[in-house]
Amino acid sequence: MELFMAMCLLPLFCAFLYLCKLVPQWRSQQCYLLAYECYKATDDRKLDTESCVKIIQRNKNLGLEEYRFLLKTIVNSGLGEETYGPRNVIAGREDCPSLEDALCEMDDIFSVTLDKLFDKTGISPSKIDILVVNVSLFSPAPSLTSRIINHYKMKKDIKAFNLSGMGCSGSLVAIDLVQNLFKTYKNVHAVVVSTESLGPNWYRGKVKPMILANCLYRSGGCSMLFTNNKALKHRALLKLECIVRTHFGSSDEGYGCSVQVEDKHGFRGFNLSKSIAKVAAKALTMNLRVLVRKVLPLTELLRYVIVSRCQNKVAEHRRGVGAGGTGLNLKAGLEHFCIPPTEGAVVNGVGNSLGLNDYDLEPARMALHRFGNTSSGGLWYVLGYMEAKKRLKKRDKILMVSFGAGYECNNCVWVVLRDLHDANVWKDCIERYPPTTLVNPFMERFSWINDERLSFVRLEEVMNAMRVGGGDGPG
């Protein structure tokens with residue numbers, strides 16, 4: 001009898017020992033965000049209406065139709081009067097960018113954000129074990145991580161990674177990499193730097209889909225500090241609950257909808273195909289099918305199953321609400337939504353597909369208005385707005401949605417570990433947001449360009465009117 005009991009208890013004892021071994025491993029795999037710092041350029045680099053007009057006028061390849069397209073794009077973009085441009089573009093050197101221009105642009109973003117990050121946390125650069133830099137359109141030798149390591153004299157056994165070509169989704173790709181590295185290395189610190197190289201990649205041609213990048217992308221970026229050290233949990237802002245990545249690169253349509261190319265005149269730019277909205281919707285839907293099972297309560301999932309089975313497919317398609325058409329109520333398990341501040345129509349489209357209201361979309365719209373499309377750093381300006389507005393409370397959950405070249409959709413969920421209220425990069429302007437109106441001054445000053453009666457007017461006359469009349473039209 002005793003032998004029988006021992007044989008029965010032995011598997012339970014082994015299982016207990018196994019669980020005891022897993023607990024410390026699970027703890028070391030946690031990913032905590034200790035701090036983040038968004039980049040804000042100096043005031044002399046602001047792109048207000050006047051500055052944008054001057055830059056547009058310098059492009060001698062544009063015709064009247066291109067000016068009309070630019071006007072429509074800028075007016076509907078959602079960008080305000082205080083976004084920032086690359087230094088060489090502000091100085092009028094976009095036609096001949098140098099390697100030094102590109103390196104100086106990166107150095108400025110790196111030093112401003114990292115200096116503040118190390119100062120805020122009190123963690124020395126020599127204590128960083130993992131460094132990931134994400135810049136899609138610039139990959140020099142030595143690498144950008146080497147440039148940072150050399151500047152801050154970081155440790156010789158640091159694990160360094162350079163990511164390129166990821167587009168606006170690069171930030172979450174880098175975080176996914178860090179999370180996986182945390183499974184191997186215990187009690188370490190990781191820094192992620194996400195930004196984009198705009199100065200050397202300013203498009204100088206006249207192909208409309210490629211002109212879009214000049215209208216929307218602005219200087220910006222973010223540096224983040226992570227750890228898996230359980231002892232530092234009390235200092236952390238957020239904890240990563242899950243991250244789901246979806247990649248459509250195997251589809252020719254997905255691969256080709258967001259590509260860096262040269263036009264027929266040899267001008268390099270970023271081309272966005274007409275199929276990008278359809279591909280993005282498919283990627284978002286597929287991603288959320290996996291993610292919602294990880295974050296939504298069982299009651300909401302059961303409700304969805306019951307409701308979906310009671311309705312036919314036609315009715316479900318006509319309804320068209322919820323997470324990418326799934327009919328799920330995301331707010332049953334999530335309090336906040338970081339929508340990528342890429343362009344006004346994109347923010348509204350993603351918001352509608354997720355069943356979000358104006359309050360939910362306000363952070364993305366305001367980040368777009370104040371800082372523009374800052375590529376992979378954009379989500380952190382949205383998060384900063386939420387924090388500055390004191391929206392983030394302990395135990396709240398935040399969904400981050402991102403899209404990138406490839407084509408890919410990467411989403412993650414964060415848990416807020418304490419009430420957050422730092423004004424961060426929004427410190428000097430948060431009291432002015434949201435503004436009473438988001439109407440772009442371009443509409444008031446240059447709407448006359450859309451007048452069809454001007455079709456007989458020569459482009460030179462239009463240009464002179466813009467220089468002299470400041471918006472009164474060509475006469």
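Note that the structure is predicted; figures quoted are calculated from it, not measured.
Minimum heavy-atom separation, Leu137 to Asn201: CB-ND2, 3.5 Å. Ser197 approaches Val135 most closely through the heavy-atom pair N-CG1, 3.8 Å. Closest of all the heavy-atom pairs between Phe270 and Ser258 is CE2-OG, 3.0 Å. Minimum interatomic distance between Cys31 and Trp414 (heavy atoms only, all atoms of both residues): O-CZ3, 4.5 Å. Scanning both residues, Glu105 and Gly199, for their nearest heavy atoms gives OE1-N, 3.2 Å. Nearest approach of Ala388 to Asn424, heavy atoms of both residues: N-ND2, 4.2 Å.
Because its NZ or CZ atom is both nearer than 6.0 Å to the ring centre of Tyr359 and within 45° of the ring axis, Arg391 counts as a cation-pi partner of that residue.
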### Message
Run Glu82 and Arg218 through salt bridge (charged side-chain N to carboxylate O under 4.0 Å, His left out) and show every step you take.
### Response
CA-CA 10 Å; Glu82 296 186 293; Arg218 296 292 184 264; over 6 Å; no

### Query
Taking it one step at a time, do Ser143 and Asn162 satisfy side-chain hydrogen bond (donor to acceptor under 3.5 Å, both in side chains)?
CA-CA 7 Å; Ser143 66; Asn162 288 275; 3.2 Å; yes

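Separating the CG atom in Leu296 from the CG atom in Leu288 is a distance of 9.5 Å, to the nearest 0.5 Å. Note: Thr145 OG1 to Ile130 CD1 = 13.0 Å, rounded to the nearest 0.5 Å. Here Leu216 contributes atom CG and Thr374 contributes atom OG1; the two are 12.0 Å apart, rounded to the nearest 0.5 Å. Atoms CE and CG, from Met366 and Leu368 in turn, are 8.5 Å apart once rounded to the nearest 0.5 Å. Between atom CG of residue Leu62 and atom NZ of residue Lys208 there is a gap of 11.0 Å, rounded to the nearest 0.5 Å. Atom-to-atom distance recorded for Leu225:CG and Ile128:CD1 is 5.0 Å, nearest 0.5 angstrom.
Using a 4.0 Å cut-off between charged side-chain N and carboxylate O, Arg365 and Asp358 make a salt bridge. Salt bridge status for Arg268 with Glu262: absent, with no side-chain N to carboxylate O gap under 4.0 Å. A salt bridge links Lys120 with Glu37: the distance from a Lys NZ or Arg NE/NH1/NH2 to an Asp or Glu carboxylate oxygen falls below 4.0 Å. Salt bridge status for Arg147 with Asp107: present, with a side-chain N to carboxylate O gap under 4.0 Å. Taking the charged nitrogens against the carboxylate oxygens, Arg58 and Glu94 do have a contact shorter than 4.0 Å, which makes a salt bridge. Taking the charged nitrogens against the carboxylate oxygens, Lys46 and Asp43 do have a contact shorter than 4.0 Å, which makes a salt bridge. Classification of Glu362 and Lys389 as a salt-bridged pair fails, no side-chain N sitting under 4.0 Å from a carboxylate O.
Formation of a donor-acceptor pair under 3.5 Å by the Asn352 side chain with backbone atoms of Asn348 is found in this model. Checked by atom type and distance alone, the side chain of Asn59 never pairs as donor or acceptor with a backbone atom of Ile55 at under 3.5 Å. Using modelled atom types, one side-chain atom of Glu335 and one backbone atom of Lys397 make a donor-acceptor pair closer than 3.5 Å. Side chain of Ser275 to backbone of Cys257: no donor-acceptor contact under 3.5 angstrom is found. Here the side chain of Asp176 pairs no donor or acceptor atom with the backbone of Val173 at under 3.5 angstrom. Looking only at distances, a side-chain donor or acceptor of Thr113 sits under 3.5 Å from a matching main-chain atom of Ile109. With Asn271 contributing its side chain and Met210 its backbone, the two residues share no donor-acceptor pair below 3.5 Å. One N or O on the side chain of Asn411 and one on the backbone of Ser402 form a donor-acceptor pair closer than 3.5 Å. A donor-acceptor pair is defined here as one N or O able to donate and one able to accept, closer than 3.5 Å; no such pair exists between the side chain of Asp263 and the backbone of Val207.
In this structure, Asp252 places its CG atom where only 12 or fewer heavy-atom neighbours from other residues, nucleotides or ligands lie under 6.0 Å away. Enclosure of atom NZ in Lys116 is not indicated, since only 12 or fewer non-hydrogen atoms of other residues, nucleotides or ligands lie within 6.0 angstrom. Other residues, nucleotides and ligands contribute at most 12 non-hydrogen atoms within 6.0 Å of the NZ atom of Lys54. No more than 12 heavy atoms of other residues, nucleotides or ligands lie within 6.0 Å of NZ in Lys282, so this atom counts as exposed by the packing criterion.
Relative orientation of the Phe267 and Tyr203 rings is perpendicular, given thresholds of 30° and 60° on the angle between their planes.
For the pair Arg45 and Asp108, the minimum side-chain heavy-atom distance is below 4.5 Å. Residues Val192 and Ser223 form no side-chain contact, since every pair of their non-hydrogen atoms from C-beta on lies 4.5 Å or further apart. Counting heavy atoms from C-beta on, the side chains of Tyr36 and Leu383 come closer than 4.5 Å. Proximity of Leu70 to Cys215: side-chain heavy atoms (C-beta onward) are separated by under 4.5 Å at one or more points. Residues Met386 and Cys338 are in side-chain contact: their nearest non-hydrogen atoms beyond the backbone lie under 4.5 Å apart. By the 4.5 Å heavy-atom criterion applied to side chains, Glu196 and Ser376 are not counted as neighbours. A heavy-atom distance below 4.5 Å is not found between the side chains of Glu241 and Lys294. Contact of the Leu379 side chain with the Leu172 side chain is registered, since non-hydrogen atoms from C-beta on lie closer than 4.5 Å.
Aromatic rings from Trp380 and Tyr385 are positioned such that their centres are separated by 6.0 Å or more. Note: Phe182 and Phe226 fail the aromatic proximity criterion, with ring centroids not under 6.0 Å apart.
Tested against Phe371 for a ring pair (Phe, Tyr, Trp, His ring centres under 6.0 Å), the candidates Tyr433, Tyr39, Tyr217, Trp426 yield a single pass: Trp426.
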